[in-house]
*Asks:* 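For reference, the structure I am asking about is given below.
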Amino acid sequence: MAVERTLAILKPDCVRKNLIGEVIAHIQKAGFKIIAMKKTRLTNETAGGFYAVHKGRPFYDSLVEFMSSGACVPLALEKENAVADFRTLIGATDPKEAAPGTIRALYADNKGENIVHGSDSYENGKIEINFFFSSQELIQNE
Ligand code: IDP
Ligand code: MG
């Protein structure tokens, strides 16, 4: 399997609940290398741009409002099969449907406030990493 990259975002609920360290521990124990990481706050406009694919969906406005409601922590991650493996690690969008032991099952309150984002394809992973990080900020571990 090829080494690939994916984008994670620790969402504002994760930051508010002081779960940054705990969630990153899950990510590292699962074998993901952190290539880049920062704490930032999205505006309505940048959150809307990031989730533009969902524009028109009934949850779009509340999603944009939530994602700009506080700080978040984007991370660029690297691992073999990173995109699919990270989706497995976080679990289904709705924590009620997420497999036991997944990050969303453990920590998320509901389908909207679900602790963490993960890219859904290799191509989107690249696009989403470039949305948050410049090439100089992507630093492969020794
Ligand atoms: P994903 O994050 O598991 O890939 P998507 O379908 O891409 O899920 O939706 C993006 C985000 O939009 C979700 O993580 C969640 O925060 C929010 N969302 C998706 N569907 C719903 C819904 O039915 N109600 C409320 N929020 C939703
Ligand atoms: Mg998605």
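Each residue takes its place number in the sequence, starting with 1. Each ligand, and each atom within it, is numbered from 1 in the order the structure gives.
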*Asks:* Which residue and atom name correspond to the protein heavy atom nearest atom 1 (P) of ligand 1, and how close is it?
*Replies:* T93 OG1, 3.6 Å
*Asks:* Mark the output for K11 as yes if a heavy-atom distance to ligand 1 is under 4.0 Å, and as no if none is.
*Replies:* yes
*Asks:* With sequence neighbours excluded, tell me which residues meet side-chain contact (heavy atoms from CB on, under 4.5 Å) with V64.
*Replies:* N44, A47, Y60
*Asks:* Check I129, I24, I9 against L75 for a side chain to side chain contact (heavy atoms under 4.5 Å, CB included) and give me the one that passes.
*Replies:* I24
*Asks:* Among R16, K11, R41, find the one that has a side chain to side chain donor-acceptor pair (under 3.5 Å) with S69.
*Replies:* R16
*Asks:* So which protein heavy atom does atom 24 (N) of ligand 1 come closest to, and at what separation?
*Replies:* F59 CB, 3.9 Å
*Asks:* Would you give me the side-chain donor-acceptor pairs under 3.5 Å for residues 26-39, sequence neighbours excluded?
*Replies:*
| residue | atom | partner | partner atom | Å |
| --- | --- | --- | --- | --- |
| H26 | NE2 | Y107 | OH | 3.0 |
| K38 | NZ | F132 | O | 2.6 |

*Asks:* Consider only side-chain heavy atoms of I, L, V, M, F, W and Y, link residues closer than 4.5 Å, and tell whether I115 and L63 are in one cluster.
*Replies:* no
*Asks:* Going from OG on S62 to CZ on R57, what distance comes out if it is rounded to the nearest 0.5 angstrom?
*Replies:* 12.0 Å
*Asks:* Please state which option from R104, H117, R87 has its nearest heavy atom closest to atom 4 (O) of ligand 1.
*Replies:* R87
*Asks:* Would a distance-only check, ignoring hydrogens and angles, find a side-chain to backbone donor-acceptor pair under 3.5 Å from N114 to T93?
*Replies:* yes
*Asks:* Out of S119, G112, A98, S62, indicate the one that has the non-hydrogen atom closest to atom 16 (O) of ligand 1.
*Replies:* G112
*Asks:* I need the nearest protein heavy-atom contact for atom 22 (C) of ligand 1: residue, atom name and distance, please.
*Replies:* K111 CD, 3.6 Å
*Asks:* What part of L63, side chain, backbone, both or neither, has a heavy atom within less than 4.0 angstrom of ligand 1?
*Replies:* side chain
*Asks:* Do ligand 1 and R57 have nitrogen or oxygen atoms that lie under 3.5 Å from each other?
*Replies:* no
*Asks:* Enumerate the atoms of ligand 1 whose separation from the nearest heavy atom of N114 is less than 4.0 angstrom.
*Replies:* 13 (C), 14 (O), 15 (C), 16 (O)
*Asks:* Hey, which atoms in ligand 1 end up nearer than 4.0 Å to a heavy atom of H54?
*Replies:* 5 (P), 6 (O), 7 (O), 9 (O), 10 (C)
